[in-house]
Enquirer: 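Dumping the structure here so I can ask a few things about it.
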Amino acid sequence: MYTDTERCVRAVRSKDARFDGWFFTAVLTTRIYCRPSCPVVPPKAENMTFYPSAAACQQAGFRACKRCRPDTSPGSPEWNARADAVARAMRLIQDGVVDREGVPGLAARLGYSARQIERQLLAELGAGPLALARAQRAQTARVLIETTVLPMAEVAFAAGFASIRAFNDTVREVFALSPSELRTRASRGARGAHGMRGTRSTGDPEQAGTRGVISLRLPFRAPLNPDNLFGHLVATAVPGVEEWRDGAYRRTLSLPYGHGIVALSPRPDHIACRLSLTDPRDLTLAISSCRRMLDLDADPVAVDEQLRADPQLAPLVDKAPGRRVPRTVDAAEFAVRAVLGQQVSTAAARTHAARLVTAHGVPVDDPEGGLTHLFPAPEALAGLDPEALALPRTRRTTLTTLVAALADGSLRLGTDSDWERAREQLTALPGFGPWTVEAIAMRALGDPDAFLPTDLGVRRAAGRLGLPSTPAALTKRAADWRPWRAYAVQYLWATDDHAINRLPV
């Protein structure tokens, strides 16, 4: 979009927040870059130029606006709606892969050479993987500076910087303030202070001062309907791993440097996020995982506009616009849970998962609630005894085959997955039919066009609305809903009186 100058200028002049994250406005006279909805008086059109990423702005010599904090915009919905190499690279960079594995590690995950990845990112985003990762490190550093009492040296290394000098230079260059000045500024006006990409500090001094606990606001593009989003996560929660407590969905997180516990509460204009991490270096991945689970980078206006064009879906969209697809923080975990949920009730699926967690999960302490374990990794499940599973024999085979493929790396599910390739690999496993494959594609891989025409709830809803209820006919009719069929599934499910559609109280 950033190449359409006239459209970008109109968005800036109207201060339209829907375009935040789609592009960034750089002001040639002040050398500052802003989000489209920046509250200051818009500059003259001839003094504006547009970039596709904050990293491209920084690379061109512009610094972030102190008023609108452009790097805290919701992420571009493009990266979650595409499965090409650039989109997969962006999702991995957001997860901190470049900081942990370098550009060669990023390229290896994508199956390309480092030079190819560099060229593709430069062509589309105006910045290479190192520049994009550097921009994210700066954002992570600011979160830790503004919301914790960690010493600056610990902040530097937790954010992924190789040296304190690089940390100081980057923070000064990006924010035009030293790290200590950022912390002082945040303490003076904490309620207006923002955090990393898609975060804002809450400004609660007591929470911010608790070592290991970080409180943030996760913004989203309005509207957002929390009913089915949190309702689904809570209704299917695995005891010990997830819970609803004091108005928040809480769960444990397995992370590269340790583990964490997150509490997420819906608010009218943001999601309140409270993170407890054993190692602050996991902040980047923890935040991106939570945003992806709640589908916070979606563009609900574009989705609803497409679905509203169908006269049968229009009343559902108008009644409760902004439904999101409830996803997961761990694709392998969801795949295991999808198998456990085959042809059984929600309660039975939770029971099966809880038994696996108790037997094979890593115990954790949770002083603030009732969480007890991390969900077991595929490696921990690879050696389980099939006879110990209270499942039909065919489903035991399905589960053990899946965890073996995940454990040995022959099947990789995650943000770097090619959606169609993953579908082919899953379909080749015993016991994986269309429902299981598409459920994993929708909720674990993040494909916005995944569709479940064989799902009983979808078929019942289709029949009530006068839509075709046979899988083949419904799939044909749903062609008009592409590329947002996963969201259509949420609207169809919402017609049923089920706990997944109700916000817990």
Side-chain angles (χ1 to χ4, degrees), residues 83 88 91-92 94-97 100-101 105 108-110 233 236-238 240-242 251-260 262 282 285-286 288-293 325-342 349-350 352-362 364 373-384 386 389 391 395-432 435-447 450:
R88 290 158 58 206
R91 293 196 290 268
L92 287 171
Q94 290 167 2
D95 283 353
V97 165
R100 295 192 300 272
E101 303 175 20
R109 282 174 173 251
L110 297 171
L233 293 173
T236 61
V238 177
V241 175
E242 302 164 285
R251 72 154 292 151
T252 58
L253 303 171
S254 297
L255 299 163
Y257 298 105
H259 68 266
V262 65
D282 286 319
L285 179 57
S288 65
S289 297
C290 291
R291 291 193 63 82
R292 192 171 296 115
M293 176 176 64
V325 178
R327 295 200 170 113
T328 182
V329 296
D330 187 310
E333 172 191 318
F334 183 83
V336 170
R337 292 170 61 174
V339 171
L340 295 176
Q342 287 178 338
R350 295 179 66 208
H352 290 317
R355 289 171 180 163
L356 278 186
V357 166
T358 302
H360 303 281
V362 176
V364 297
H373 290 80
L374 301 176
F375 195 88
E379 293 77 12
L381 296 175
L384 61 80
L389 299 172
L391 298 171
R395 198 158 308 134
R396 294 180 201 170
T397 301
T398 300
L399 180 62
T400 54
T401 304
L402 170 67
V403 296
L406 290 168
D408 66 20
S410 58
L411 173 65
R412 294 184 61 175
L413 301 176
T415 55
D416 56 337
S417 294
D418 179 292
W419 295 335
E420 294 311 314
R421 173 62 178 154
R423 279 182 170 93
E424 293 172 1
Q425 290 180 295
L426 289 169
T427 302
L429 297 177
F432 275 78
W435 184 91
T436 307
V437 171
E438 287 302 301
I440 292 172
M442 180 172 69
R443 296 196 55 200
L445 304 183
D447 184 353

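Counting from 1, the numbers follow the sequence of the chain as shown.
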Enquirer: Mind checking side-chain hydrogen bond (donor to acceptor under 3.5 Å, both in side chains) for Trp419 and listing every partner two or more places apart, or none if nothing turns up?
Expert: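 With sequence neighbours excluded, Trp419 shows a side-chain hydrogen bond (donor to acceptor under 3.5 Å, both in side chains) to no residue whatsoever.
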Enquirer: Roughly how far, to the nearest 0.5 Å, is the CD atom of Glu438 from the CZ atom of Arg443?
Expert: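 Atom-to-atom, Arg443:CZ and Glu438:CD are 14.0 Å apart.
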Enquirer: Verify, without hydrogens or angle tests, whether Thr427 (side chain) and Phe432 (backbone) share a donor-acceptor contact under 3.5 angstrom.
Expert: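 No; zero donor-acceptor contacts below 3.5 Å.
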Enquirer: Side chain of Ser417, backbone of Gly414: donor and acceptor closer than 3.5 Å?
Expert: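 Indeed, once roles are kept as given, a pair shorter than 3.5 Å links the two residues.
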Enquirer: For Arg100, give me all partners under salt bridge (Lys or Arg N to Asp or Glu O under 4.0 Å), at least two apart in sequence or on another chain.
Expert: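 Not a single residue meets the salt bridge (Lys or Arg N to Asp or Glu O under 4.0 Å) criterion with Arg100.
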Enquirer: Does the side chain of Arg396 come within less than 4.5 Å of Leu391's, by heavy atoms?
Expert: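 Yes; the side chains approach each other to less than 4.5 Å.
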Enquirer: Report yes if the side chains of Leu411 and Leu402 come closer than 4.5 Å at any heavy-atom pair, otherwise no.
Expert: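 They are in side-chain contact.
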Enquirer: So, taking the atom named CZ in Arg337 and the one named CZ in Arg350, what distance separates them when rounded to the nearest 0.5 Å?
Expert: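 So the CZ of Arg337 and the CZ of Arg350 are separated by 9.0 Å.
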Enquirer: Closest approach of Phe334 and Ala439, non-hydrogen atoms and distance?
Expert: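 The answer is CE2-O, 3.5 Å.
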Enquirer: So how far is it from Leu374 CG to Arg251 CZ, rounded to the nearest 0.5 Å?
Expert: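 Here the interatomic distance stands at 9.0 Å.
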Enquirer: Measure the shortest side-chain to side-chain distance between Arg291 and Gln94 over non-hydrogen atoms and say whether it is less than 4.5 angstrom.
Expert: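 Heavy-atom side-chain distance check fails, nothing below 4.5 Å.
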Enquirer: Please report the interatomic distance OG1(Thr252) to NE2(His373), rounded to the nearest 0.5 Å.
Expert: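 Nearest 0.5 Å value for the OG1-NE2 distance: 9.5 Å.
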Enquirer: Is any side-chain heavy atom of Thr398 less than 4.5 Å from a side-chain heavy atom of Thr436?
Expert: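 Thr398 vs Thr436: side chains apart.
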Enquirer: Is the shortest side-chain heavy-atom distance between Arg109 and Arg88 below 4.5 Å?
Expert: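 Of all side-chain heavy-atom pairs linking Arg88 with Arg109, none is under 4.5 Å.
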Enquirer: Taking side chain as C-beta onward, heavy atoms only, is Pro376 less than 4.5 Å from Val357?
Expert: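 Heavy-atom side-chain distance check passes, below 4.5 Å.
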Enquirer: Between Arg292 (side chain) and Thr328 (backbone), is there a donor-acceptor pair under 3.5 Å?
Expert: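 No, Arg292 side chain to Thr328 backbone: no donor-acceptor pair under 3.5 Å.
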Enquirer: How far apart are the closest heavy atoms of Pro378 and Ala332, and which atoms are they?
Expert: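 For Pro378 versus Ala332, the nearest heavy atoms are CG-CB, 3.9 Å.
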Enquirer: Any heavy-atom pair between the side chains of Leu110 and Leu92 that's under 4.5 Å?
Expert: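 Side chain of Leu92 against side chain of Leu110, heavy atoms only: contact under 4.5 Å found.
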Enquirer: Return the minimal non-hydrogen interatomic distance between Gln342 and Gly431, and the atom names on each side.
Expert: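 Minimum heavy-atom separation between Gln342 and Gly431: NE2-O, 3.0 Å.
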Enquirer: Keeping Gln425 on the side-chain end and Ser410 on the backbone end, is there a donor-acceptor pair under 3.5 Å?
Expert: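 At least one qualifying donor-acceptor pair exists.
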Enquirer: Let me confirm one number: the CG-CG distance from Leu426 to Leu445, rounded to the nearest 0.5 Å.
Expert: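 The CG atom of Leu445 is 7.0 Å from CG of Leu426, to the nearest 0.5 Å.
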Enquirer: Would a 4.5 Å heavy-atom cut-off, applied to side chains only, mark Leu389 and Leu356 as touching?
Expert: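 The answer is yes, as the side chains (C-beta and beyond) meet within the 4.5 Å cut-off.
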Enquirer: Where do Ala353 and Val238 come nearest, in terms of heavy atoms and distance?
Expert: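 What the structure gives for the nearest pair is CB-CG2, 3.7 Å.
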Enquirer: So, for Pro256 and Leu285, which heavy atoms are closest and what is the spacing to 0.1 Å?
Expert: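 Closest approach of Pro256 to Leu285, heavy atoms only: CD-CD2, 3.3 Å.
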Enquirer: Search all heavy atoms of Ala382 against all heavy atoms of Val403 and return the closest pair with its distance.
Expert: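 Heavy atoms of Ala382 and Val403 come nearest at CA-CG2, 4.2 Å.
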Enquirer: CG/Asp447 to CD/Glu420 distance, rounded to the nearest 0.5 angstrom?
Expert: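 Atom-to-atom, Asp447:CG and Glu420:CD are 7.0 Å apart.
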